[in-house]
Amino acid sequence: MNISFSKVQKQRLRELNAPADFQEKSFSSAQDRDEAFRNIEQLLVRQGKQHLLEVRNVRHRPALCELEAKLIDVLIGNGFFQVITPIILAKGLLAKMSITPEQPLFKQVFWVSDDKCLRPMLAPNLYYLLAEFTRLYDKPIRAFEVGPCFRKDSKGGHHLNEFTMLNLVELGSPEEGGRQRLEELAAIVMDAAEIKDYQLTSTCSEVYGETIDVIAGLEVGSGVIGPNALDSQWGWGDPWVGIGFGLERLVMVNKGYQNIQRVGRALMYFDGVRLNI
Ligand code: ATP
Ligand code: MG
């Protein structure tokens with residue numbers, strides 16, 4: 001007989017982050033299966049409680065906050081400066097990014113009023129600021145923002161409605177070396193996130209045309225080499241490179257978690273541990 005875990009058992013195993021191959025195991029009887037389930041559940045609950053104790057007893061911040069702090073340090077060390085921009089975004093700025101009602105991303109936007117939304121990405125604000133900075137600073141201009149973004153994304157193991165984006169941009173990169181610079185910038189972030197195994201792959205994006213995604217089993221970032229069709233709207237034509245990373249996805253990959261809910265802002269989890277244990 002080939003008996004696999006029940007739906008309820010699978011759900012619980014996922015919550016407790018049981019190894020993926022264990023979740024797919026099959027058994028010769030329901031009794032064997034239930035016993036294996038009980039054993040691993042007990043073990044994972046014990047481990048979760050142990051982690052919660054450690055969190056209380058040692059100086060500790062959630063992994064997502066640790067990574068954010070580390071990335072800020074590393075980027076500043078690499079000549080970038082940090083900006084913080086409004087989370088509430090004007091509809092007009094979205095339109096300027098070509099995110100209009102025909103665009104799939106538009107349907108994922110949370111509106112707070114007729115003409116204001118929660119930002120689904122950091123790029124519109126960064127474009128806006130860079131247009132100002134080009135008047136005020138010599139190039140290259142290296143800026144980054146890290147903070148919350150919101151999308152009505154289909155639920156699943158890789159998407160959250162609210163997540164943390166890091167967007168870094170270098171305006172005035174050498175014209176020829178865009179790809180190389182993008183690789184260098186991706187490496188700075190991936191090193192800080194302690195992820196060694198990743199590739200850059202070209203894909204197509206509705207907003208930017210070509211993007212170069214950073215893939216570490218799943219997409220953790222999307223990069224662009226400019227100039228690009230959008231730039232003229234903002235009044236510049238310099239070469240630039242930029243990448244947007246999802247911090248929860250970086251933590252998820254680094255920790256080997258199967259679902260992103262463990263990492264993000266949550267009431268069900270604390271620092272990766274399911275609380276109903
Ligand atoms: P996907 O195709 O996986 O939905 P995307 O290409 O729409 O992602 P981008 O617009 O490229 O996402 O955003 C940059 C990065 O932000 C992504 O590479 C990902 O790491 C992260 N990200 C995007 N949407 C979400 C989300 N809903 N939850 C968590 N992280 C996200
Ligand atoms: Mg992408």
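Remember, it's 1-based here, ligands and their atoms both numbered in the order they're listed. Here, residue 1 is the first one in the sequence, and each next residue gets the next number.
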If we count only N and O atoms by modelled type, under 3.5 Å, do the side chains of Ser202 and Glu210 hold a donor and an acceptor together?
yes
Does the gap between the ring centers of Trp111 and Phe106 come in under 6.0 Å?
yes
Is there a donor in the side chain of Ser4 and an acceptor in the side chain of Glu24, or the other way round, less than 3.5 Å apart?
no
Steps toward side chain to side chain contact (heavy atoms under 4.5 Å, CB included) verdict (Arg151, Asn161):
CA-CA 5 Å; Arg151 291 186 193 178; Asn161 279 335; 6.0 Å; no
If you draw the axis of the six-membered ring of Phe5, does the NZ or CZ of Lys25 fall within 45° of it and under 6.0 Å from the ring centre?
no
Could you tell me if the ring centre of Phe81 sits under 6.0 Å from that of Tyr137?
yes
For Asp231, what residues pass the side chain to side chain donor-acceptor pair (under 3.5 Å) criterion, not counting sequence neighbours?
Tyr127, Trp240
Everything protein-side that's N, O or S and under 2.8 Å from the Mg ion (ligand 2): list it, residue and atom.
Glu219 OE2, Ser222 OG
Taken in chain and number order and not counting sequence neighbours, the residues that satisfy side chain to side chain contact (heavy atoms under 4.5 Å, CB included) with Ser232 are none
Hey, which residues fall under 4.0 Å of ligand 1 on heavy atoms?
Arg151, Asp153, His158, His159, Leu160, Phe163, Met165, Glu219, Val220, Gly221, Ser222, Gly244, Gly246, Arg249, Ile260
Salt-bridged, Glu66 to Lys70, with N to O below 4.0 Å?
no
